[in-house]
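In what follows, a structure is listed as C-alpha cells, so that the remarks can point back to it.
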Number of protein chains: 2
Amino acid sequence: MQALKKRVSVKRDDPHKAPKGSGRRPRRAAYHQGLSRDTIAAAALALIDRDGLDALSYRRLAEALGCEAMSLYHYFPSKGHLTDAIIDCVFGALEVPLPGPPWIERVRLAARNYRAMALGHPKLYPLMAVHRMNTVIGVRKLDEIIGLFREGGFDDATAARLFRDVGYYLTGAALDETAGYAKGPSSAEPVSDEAIARDCPNLAAVAGYFKPDSFAPTFEQGLDLLLEGIARLRKKA
Amino acid sequence: MQALKKRVSVKRDDPHKAPKGSGRRPRRAAYHQGLSRDTIAAAALALIDRDGLDALSYRRLAEALGCEAMSLYHYFPSKGHLTDAIIDCVFGALEVPLPGPPWIERVRLAARNYRAMALGHPKLYPLMAVHRMNTVIGVRKLDEIIGLFREGGFDDATAARLFRDVGYYLTGAALDETAGYAKGPSSAEPVSDEAIARDCPNLAAVAGYFKPDSFAPTFEQGLDLLLEGIARLRKKA
DNA sequence: ACCTGAACACCGTTCAAGT
DNA sequence: ACCTGAACACCGTTCAAGT
C-alpha cells in the first residue's frame with residue numbers, strides 16, 4: 001500500500017537552520033505545550049483525510065501540530081497506538097440503531113451508517129479494513145453490533161455467523177468504493193481503454209455500471225439480497 | 001499496515017566490508033546473472049509468504065536472490081511494478097469454472113476458488129484486497145468473471161451489480177480470514193479477555209463462533225444467502 | 001511530567017559508472 | 001543489455017538531555 005506513491009524530493013528547509021529571528025545562535029522554537037491524545041489523533045485524521053495515508057508520519061504530524069516529532073511519543077509510544085486512536089475516533093462514532101423500528105430495518109440502517117462512515121473518510125478506510133479492532137472503544141462497538149444481531153431471534157451460532165457475513169459484505173463494499181476500481185489506476189502500468197475494448201468484451205460491456213453513480217444502487221441491491229435471505233431465515237427459526 | 005511491526009535492530013554485517021577472500025582490497029561478489037521478471041516475482045511472493053508483507057524490500061529481496069538491490073530496478077522500475085507482478089501470479093491462477101454445471105453452482109465454485117486462493121497466500125491477501133487490478137492479466141481475469149455473471153441471463157446492469165456484490169462478500173470474507181479477528185491482536189494494547197467478559201456480554205457470548213473452525217460454515221452460510229437470493233432474482237427475470 | 005535534538009537502522013529511488 | 005555502489009530524502013524509534 002505504501003509503495004505506490006511516488007517520492008517527491010522537495011527539499012523542505014530545516015526550520016532550525018535559520019530561524020526567523022536569525023540571531024547569532026539558532027534560537028529555538030517556543031517550547032510547545034498543550035498537546036493531548038485527542039488533539040494529536042484529530043490532527044492525524046485530518047492529515048490523512050487531506051493528504052492520504054502515506055502522508056501520516058510522526059515528523060509531518062508534528063509539523064502540523066507545531067511541535068517536535070519526538071514529543072508525540074509521550075502520548076503514543078508507537079505508530080500502532082496512534083493508528084488505534086485514529087480508528088477509534090471514526091469507528092466509535094458509528095451509530096447502531098436502537099430498538100424501535102422493525103428489526104430488519106435496524107440492520108439495514110446500521111449497514112448504511114457503516115457505508116457512510118467509510119465514505120466520510122475514504123483515505124483512511126483501506127487502513128480500517130485491514131485493521132483489527134482490539135481497543136476498548138472498538139470491542140464495545142463490536143459488542144453493540146453483535147447485540148443487534150442477537151436481538152434478531154436466532155440461536156447464537158447463527159447470529160454470530162450473520163454478524164460476520166453482513167460484515168464481510170460491508171467491508172468489501174466500503175473498500176471497493178474507497179480504494180477500488182473507481183479510484184483511478186493504482187497499477188504502475190495501467191491497461192489502456194483501447195486494450196480493454198479489444199481484449200475484454202465483458203468488462204467493456206458493463207464498464208458503464210462501475211462508475212460512481214452506480215455505487216449506491218449496487219450497494220442496495222446486494223444489501224437487499226442479504227437482508228431478504230436473513231428475513232427468510234428468521235421466519236424458519 | 002506497515003506500522004504495526006516492531007523494528008528489530010539486528011546488525012546485519014555488510015557483505016562487502018570483509019569479503020571471505022579477505023585480500024588486500026575488497027574483492028567483489030561474483031557478477032550476478034540470470035535474473036528475470038518471473039524469478040524475481042516468485043522470490044518476492046515466497047518472501048511474503050514466509051516473512052510477511054513488511055519483509056518485502058528491494059534490499060532483502062536482492063539478498064534472497066544473491067544480487068544487488070539496484071539490479072532489480074532493471075526488471076521492475078518501481079515497487080508498484082513488482083507488486084503488480086506478484087498479484088498477477090496469484091490472481092491470474094484463479095480458476096473460473098467453465099460452462100457445464102448448473103450456472104449457480106459455477107458461481108459457488110468460483111467463490112470457493114477465490115477463498116482458497118486467498119487462504120493460499122494469507123500474508124499477501126491484505127495487499128490484494130486494497131489493490132486495484134489494472135494489469136493485462138488482472139483485467140482479463142476480471143473479464144472472465146464478469147463473463148460468468150453475464151451468462152446468468154440478467155440484463156447487463158444487474159449482472160454488473162451482482163458481480164460486484166458477490167465480490168464485496170468475497171473480499172470481506174477473505175480479508176477477515178487472513179487479517180481479521182482470528183489472527184491475534186494487532187492493536188498496540190489489546191483488550192484483555194477479562195475486560196471483554198466484563199464489558200462485552202454479546203461478544204463474550206459468541207466468541208466461540210469466531211474461531212478458525214467456524215470460518216468455513218460462516219463463509220458457506222453467507223454464500224448460501226447470496227446465491228439463494230440471486231437464484232430467486234433469476235427466476236423473476 | 002512533558003518536550004527536544006542527535007543518532008541509528010532501515011526504506012525507495014536516482015545516478016553515474018562499471019561489464 | 002544488464003549489473004553495481006554511493007548517495008539522497010525520507011521513515012520509525014531509542015536515548016540522553018533539557019524544562
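Proteins get letters first, then strands, A, B, ... in listed order; numbering begins at 1 in each. Keep in mind that the numbers below use all heavy atoms, side chains included, and drop hydrogens, waters and symmetry copies.
When rounded to the nearest whole Å, the span between CZ of B:R37 and P of D:dC2 equals 13 Å. Atom C1' of nucleotide C:dT13 and atom CG of B:L82 are separated by 14 Å, given to the nearest angstrom. Here the P atom of nucleotide C:dC2 and the CD1 atom of A:I40 are 11 Å apart, to the nearest Å. Distance, B:L61 CG to C:dC10 P: 17 Å, rounded to whole Å. The CG-C1' distance, from B:L65 to D:dC3, rounds to 13 Å in whole Å. For B:F76 and D:dC3, the CZ to P distance is 13 Å, given to the nearest whole Å. Distance A:Q33 CD to C:dC3 C1': 9 Å, rounded to the nearest Å. Atom OH in B:Y58 sits about 17 Å away from atom C1' in D:dG5, given to the nearest Å.
Among residues two or more places apart in sequence or in another chain, the side-chain hydrogen bond (donor to acceptor under 3.5 Å, both in side chains) test is passed with B:E95 by none.
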Seminar exercise, completed: Each base of DNA chain C marked ( ) or [ ] if paired in-strand (Watson-Crick or G-U under 3.5 Å), | if paired to another strand and . if unpaired gives ||.|||||...|||||.||

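Using a 4.0 Å heavy-atom distance criterion, A:L56 is classed as a sugar-phosphate-only contact. Using a 4.0 Å heavy-atom criterion, one finds that B:Y73 contacts the bases of the nucleic acid, with or without backbone contacts as well.
Between B:E63 and B:R60, none of the side-chain N atoms (NZ, or NE/NH1/NH2) sits under 4.0 Å from a carboxylate O, so this pair counts as no salt bridge.
Residue B:M70 places its side chain closer to D:dA6 than to any other of D:dA6, D:dT14, C:dC11. Side-chain proximity of B:K79 to C:dG12, C:dC3, D:dC3: nearest is C:dG12. When the nucleotides D:dC2, C:dG5, C:dT13 are ranked by their closest atom to the side chain of B:Y75, D:dC2 comes out on top.
Using a 30° and 60° split on the angle between ring planes, A:Y73 and A:Y58 fall in the tilted class, from 30° to 60°.
For B:Y168 and B:F163, the ring centers sit 6.0 Å or farther from each other. Not less than 6.0 angstrom separates the ring centroid of B:Y169 from the ring centroid of A:Y169.
Comparing A:R59 and A:L72 along DNA chain C, the residue whose closest nucleotide (by nearest heavy atom) sits nearer the 5' end is A:L72.
The side chain of B:S71 contributes an N or O atom lying less than 4.0 Å from OP1 or OP2 of D:dT4.
Remark: the backbone N or O of B:G167 is paired with a side-chain donor or acceptor of B:T171 at under 3.5 angstrom.
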Exercise. When you look at A:D88 and A:T135, which way does the side chain to side chain donor-acceptor pair (under 3.5 Å) test go after all the steps?
Worked result: CA-CA 8 Å; A:D88 273 355; A:T135 59; 2.6 Å; yes

